[in-house]
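Structure first, then comments.
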Amino acid sequence: MDRFEGRCWLDWWANSSMMLGPVEVAVVVTATDAGWNARGHLVSDSDDERDGFAFLCDLDPVFTLRFEDESTIAVTVHPSEDHRRFMLTEYTGPVQRSVERHVDLAQHRP
């Protein structure tokens with residue numbers, strides 16, 4: 001197969017038993033001499049969907065790309081500025097990794 005074009009889902013796993021999302025996406029994956037290239041966009045035009053996707057990307061850009069046949073591959077999402085389009089690369093890091101998120105409460109004071 002030199003090319004795949006279709007609907008998939010980007011699943012973001014908080015831990016081994018809790019998935020957040022999934023985000024439905026349309027992707028194009030093409031074979032290259034070095035492996036593959038992938039790009040895509042969110043299927044939904046909803047601002048809420050885009051904002052949720054942006055939040056998860058900012059937290060940790062590693063997602064599981066899930067195909068219709070339930071096959072999966074770990075990917076790193078490289079979103080565009082508006083978080084509606086993205087590029088994907090294969091994630092080859094450790095399965096378990098920690099994510100830290102700090103909220104500056106001082107900026108939310110009236």
Side-chain angles (χ1 to χ4, degrees):
M1 172 176 71
D2 291 334
R3 178 182 175 94
F4 168 83
E5 187 169 350
R7 296 272 172 106
C8 296
W9 292 264
L10 285 169
D11 301 333
W12 192 91
W13 290 89
N15 58 41
S16 62
S17 61
M18 189 166 121
M19 178 181 60
L20 299 178
V23 179
E24 188 174 6
V25 296
V27 298
V28 176
V29 182
T30 54
T32 67
D33 290 339
W36 53 272
N37 287 324
R39 60 184 166 76
H41 65 273
L42 301 181
V43 170
S44 172
D45 287 331
S46 160
D47 287 340
D48 288 341
E49 184 92 10
R50 185 210 53 226
D51 291 346
F53 179 63
F55 175 77
L56 294 175
C57 286
D58 289 345
L59 217 79
D60 182 12
V62 177
F63 287 74
T64 300
L65 179 63
R66 180 169 41 92
F67 296 90
E68 286 185 334
D69 68 358
E70 298 299 321
S71 62
T72 62
I73 184 172
V75 295
T76 301
V77 174
H78 306 276
S80 64
E81 193 172 305
D82 69 357
H83 283 87
R84 291 206 185 275
R85 298 189 172 282
F86 53 83
M87 300 291 290
L88 300 174
T89 55
E90 184 175 7
Y91 174 75
T92 58
V95 174
Q96 300 293 324
R97 57 194 191 288
S98 64
V99 174
E100 290 187 31
R101 178 76 173 183
H102 300 279
V103 177
D104 182 0
L105 296 178
Q107 74 179 21
H108 298 290
R109 292 187 184 154

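Partners of Thr76 by side-chain contact (heavy atoms from CB on, under 4.5 Å), not counting sequence neighbours, listed by chain and number: Pro61, Val62, His78, Thr89, Tyr91. When the side-chain contact (heavy atoms from CB on, under 4.5 Å) test is applied to Leu42, the partners found at least two apart in sequence or on another chain are Val23, Val25, Arg50, Phe53. Looking at residues two or more places apart in sequence or on another chain, you find a side-chain contact (heavy atoms from CB on, under 4.5 Å) between Asn15 and Ser17, Met18. Take Pro79 and apply the side-chain contact (heavy atoms from CB on, under 4.5 Å) test, not counting sequence neighbours, and it matches Cys57, Val77, His83. The side-chain hydrogen bond (donor to acceptor under 3.5 Å, both in side chains) check on Arg39 picks up nothing, with sequence neighbours excluded. Glu24 meets the side-chain hydrogen bond (donor to acceptor under 3.5 Å, both in side chains) test with Arg7; sequence neighbours excluded.
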Per-pair distances, 0.1 Å, donor-acceptor, side chain in residues 26-33, under 3.5 Å, sequence neighbours excluded:
| unit_1 | atom_1 | unit_2 | atom_2 | d |
| --- | --- | --- | --- | --- |
| Thr32 | OG1 | Ala34 | N | 3.3 |
| Thr32 | OG1 | Gly35 | N | 3.0 |
| Thr32 | OG1 | Trp36 | N | 3.4 |

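Hydrophobic cluster membership is shared by Leu65 and Leu20, with clusters built from Ile, Leu, Val, Met, Phe, Trp and Tyr side chains linked at under 4.5 angstrom. By the rule that hydrophobic residues join a cluster once side-chain heavy atoms approach within less than 4.5 Å of another member, Trp9 and Met87 end up as members of separate clusters.
Listed by first and then second residue, the salt bridge (Lys or Arg N to Asp or Glu O under 4.0 Å) pairs that reach into residues 72-85 are Asp47-Arg84, sequence neighbours excluded. The salt bridge (Lys or Arg N to Asp or Glu O under 4.0 Å) analysis of residues 68-78, with sequence neighbours excluded, yields the pairs Arg66-Glu70.
Rounding to the nearest 0.5 Å gives a distance of 9.0 Å between CZ of Phe67 and OG1 of Thr72. Between the CZ atom in Phe86 and the CZ atom in Phe63 there is a gap of 9.0 Å [rounded to 0.5 Å].
The shortest side-chain heavy-atom distance between Trp13 and Thr64 falls under the 4.5 Å cut-off. Annotation: side chain of Val75 is in contact with side chain of Leu10 (closest heavy-atom distance under 4.5 Å).
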